[in-house]
Amino acid sequence: MEVAVKILPPADGKRQDFKLNLPHGSTVQDAVDELARIFGERKMLLINDKKKLLPAWKVYLNEQLISSSNGEYSNKVLNEGDTLMLLLALAGG
Amino acid sequence: MVKIAGYGGKFLRIDLTSQKAYIDSLPSEYYEDYIGGRGFNSRLLFDLAGPVTDPLSPEAPLLIAPGALHGTPVPTASRSTATVKNVLSGGHGDAHGGGYVGSELKYAGYDVLVITGRAEKPTWVLINDDKVEFHDASELWGKKIRETQEALKGKFSSKKIEVACIGPAGENLVKYAIIADGVATFGRTGVGAVMGSKNLKAVAVYGSGGLAIHDPERLLKAIKKYSEIIKLDAYLPPAVTYGSPRFMWHRVKHGIHGACNWRLGDFKWQQLSPEIFREKHTLKAASCAMCPVRCRRDMMIKDGEHQGEYTKIEWESIARSMTMGLTESVVVIRVITAFNELGMDIECGGDAIAFAQECFEKGILTEEDLDGDSLNFGDAESILKTIYKIAYREGIGDLLADGCYYASQAIGRGSEKCAMHIKGVGVTAGDPRGMPVRAVSYATSTRGSDHLRSNPYVEEIATPEEAERMFGSKEAADLKGVKGKGRMLKWSEDLVTIGDLLGTCKWAFYRAANMQYLQEKGLNLAGEFYSAVTGRETSGDDLMLAAERVYNIEKAFNVRVGMRRKDDTIPERFFNEPNRGGPNDGAIVERDKFNIILDEYYEARGWDPRTSLQKEATLERLGLSHIKDVLRKEEQEKGEKLLL
């Protein structure tokens, strides 16, 4: 199945739209694993050493916020045509 | 002269009254105890200004000190500190900028510049190594920032010269006037008013010397390590793409715009989005000295009636534009240009105008009070007109030039509820409602309302396990949590202070997308850079101790002028009036949570939770016996406790 992913702002400063082909029944964590594979050496932009999405990234599934600081959202099952948005909206200035 | 690699080694004092300059050395222990930049200045301010010193009197000092690593190849080491007795709060005041005057001062051999006195007529000062000249600035007086910079740089077209200057707002003693250092800005606490009170229009500096590096190979290794991290720290690549306007997403996510004088969490932000500024207005992406991130942006109006107007734009200036109710990017650029060119801090200026707008909305101020004009939220022309009135202290502008707190005290009639300030200093950054530690962090800042004095945003990036390990509770990783937050705040205040001692960037060093990188950059690499440059083996923990020392000196200064726990608070609006609209609709700052965090914070600092006074043992632990002795002496004179 195809799942759209938008990363905002683009984690690598460049690419923000991805189409992931995932097996049916895949979860948000599976999508994160696939993104980490795509990012390769720069996967630390997204995940920590436990392969979990950094708490700083907020996760929206079809425009609904699903993430919380404890990462419980990661087992949520995705469906064909879903849109996942990772929003890194850190404060600072 | 103190000889330590990476430092200038000398101390320059200029007296404008006598038009004389004195070259001296700082005590050698200052280098170990206070490191540089804000550290040197905070200690010197404590010694040179007292509780009764008028910040705008000739004897009040203006101090400018480059960070310890400024002028070296350390990434982002471009920051200097300007320190004064705070014109708005009466307590400690300082401002930080990423220009080049600091590095030129170091190349001229100086680690600190102290300016006292008052010139008889408008003056500008030239510093070239050991030579200091005093020049008539009559022809510059009245000029805006860019004109002044160009006029002075034009006199020295063959030399690399850097200029720090004030605009009309500084000349007219607007209490939140800035000092411009090239296109960078010392923005907060009225540093430009202090310069204006001395009849000092500008300081031009060029130095012919260089700075020694103790261990260049070690420095190169640390630079390589830093470069590797910033490629993997998700906090930074977006800065390259968007500059600081990217912070809009954070406001949208949490619904904390603080729009229309800190009332609306839902706001028409779409025409102010980072994409709009990037696509429609970017003129130039640039960087502060030695910074690989390049988040500085010059923005231009590219078509229409105001085509060609341009200025440097930072996120907070967009944020305060929303506080004044503005929704269009072209208007925002015009407003920010006016603030920048007249030489005023848009944080306090935006809050002052928003205060007047709300007073007008509520009928507290009428058109008669406003010189026959209206002043509605979002009305660009009335806002622009008011900005000019403030800079030249005309009509209602004369009142607003003192900031929203003093204006509300003069107006009365319930206007006090509309004045959004902390210790007299206008509120900055995002709305803290629903995020109690942010509220406390604004309150405990030693220079008045501020979001750059700490990094309460650690709560957004820590895992619960990290929060428990570092701050004693998993709650510290929860936005609405309480336990551990006071300890987290103390830790982050000290961490961020390191940046001001070294002159490294708050964003590129003291913000990160995860705790691992935050500590690696802000502590480990900071220590490594300092050790490599100076040859003084210094760990991250050593730097944290120096930072804690500096924070305590600033606190002691505030205690001397009468600040106590009651002053470490936030505007009542945040406690009592719910945020309106957006994801944070209905949120307030819960007073009990605020107080629990504040109690824990004071405990972590070694201060008395009831009064906020420092404990003698705390000052002794930090090696601040001199500060303790001054407080003890003054408490005998005043008959009032200043220390426990």
Side-chain angles (χ1 to χ4, degrees), chain A residues 5-18 28-29 31-33 35-74 83-93, chain B residues 229 231-254 256 274-275 278 295 314-316 319 428-430 435 438 451-452 455-457 459-467 474 477-479 481 506-508 510-517 583:
Chain A
V5 179
K6 188 176 183 69
I7 300 182
L8 190 68
D12 60 0
K14 296 170 190 161
R15 189 176 168 197
Q16 60 184 33
D17 291 303
F18 298 81
V28 172
Q29 183 61 47
V32 169
D33 291 345
L35 284 168
R37 190 190 63 74
I38 293 169
F39 271 70
E41 289 179 352
R42 302 184 77 184
K43 64 187 176 191
M44 294 295 281
L45 288 163
L46 298 175
I47 61 172
N48 61 21
D49 51 11
K50 291 176 182 163
K51 299 184 179 174
K52 294 286 185 189
L53 200 63
L54 298 174
W57 288 102
K58 301 303 167 197
V59 185
Y60 292 75
L61 179 57
N62 301 326
E63 301 190 355
Q64 283 294 116
L65 179 67
I66 61 168
S67 59
S68 60
S69 58
N70 60 15
E72 285 166 1
Y73 62 93
S74 58
T83 297
L84 205 57
M85 184 167 82
L86 307 186
L87 178 66
L88 179 81
L90 286 171
Chain B
I229 287 176
K231 285 181 195 154
L232 296 175
D233 179 357
Y235 191 81
L236 290 171
V240 178
T241 310
Y242 297 99
S244 63
R246 74 191 186 279
F247 293 129
M248 176 64 89
W249 284 308
H250 183 264
R251 301 290 204 274
V252 174
K253 181 177 80 178
H254 291 301
I256 52 171
E275 292 287 1
R278 185 169 75 109
C295 72
E314 297 292 352
W315 160 250
E316 277 296 298
T428 67
M435 302 173 194
R438 299 188 194 196
H451 59 291
L452 293 172
N455 182 355
Y457 317 115
E459 63 187 352
E460 293 184 59
I461 65 169
T463 64
E465 294 73 27
E466 287 167 334
K474 289 181 179 176
D478 179 348
L479 234 53
K506 294 241 167 84
W507 292 341
Y510 293 95
R511 303 284 191 258
N514 65 52
M515 290 298 283
Q516 180 193 339
Y517 291 150

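Predicted, not measured: the structure shown is a model, and the values here were computed from it. The sequence lines fix the lettering, A, B, ..., with proteins before strands; numbering per chain opens at 1.
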| Distance (rounded to the nearest 0.5 Å) between B:Met515 CE and A:Asn48 CG | 13.0 Å

| Heavy-atom distance under 4.5 Å to chain B: side chain of A:Phe39, backbone, both or neither? | neither

| said: Going by the rule ring-ring contact (aromatic ring centres under 6.0 Å, His included), which residues pair with B:Tyr510 if we only count those two or more places apart in sequence or in a different chain? | reply: none

| note | Cut-off 4.5 Å, heavy atoms of chain A, and the answer for B:Glu314 is neither

| query | Between B:His254, B:His250, B:Met248, which shows the greatest number of heavy-atom pairs under 4.5 Å with chain A? | reply | B:His250

| remark: Rounded to the nearest 0.5 Å, the NZ atom of A:Lys52 sits from the OG1 atom of B:Thr463 at a distance of 12.5 Å

| query | Checking heavy atoms, do the side chain of B:Ala512, its backbone, both or neither come under 4.5 Å from chain A? | reply | backbone

| note | If one checks every heavy atom of B:Asn514 against chain A at 4.5 Å, the contacting part turns out to be side chain

| query | How long is the gap from CG on A:Leu45 to OH on B:Tyr517, to the nearest 0.5 Å? | reply | 7.5 Å

| Who passes side chain to side chain contact (heavy atoms under 4.5 Å, CB included) against B:Lys474, sequence neighbours left out? | B:Pro464, B:Glu468

| query | Can you name the closest pair of heavy atoms from A:Arg42 and B:Lys231 and give their distance? | reply | NH2-O, 2.9 Å

| A:Leu8 portion near chain B, given a 4.5 angstrom heavy-atom threshold | side chain

| note | Smallest heavy-atom separation, A:Ala56 atom then B:Ala513 atom, equals CB-O, 3.5 Å

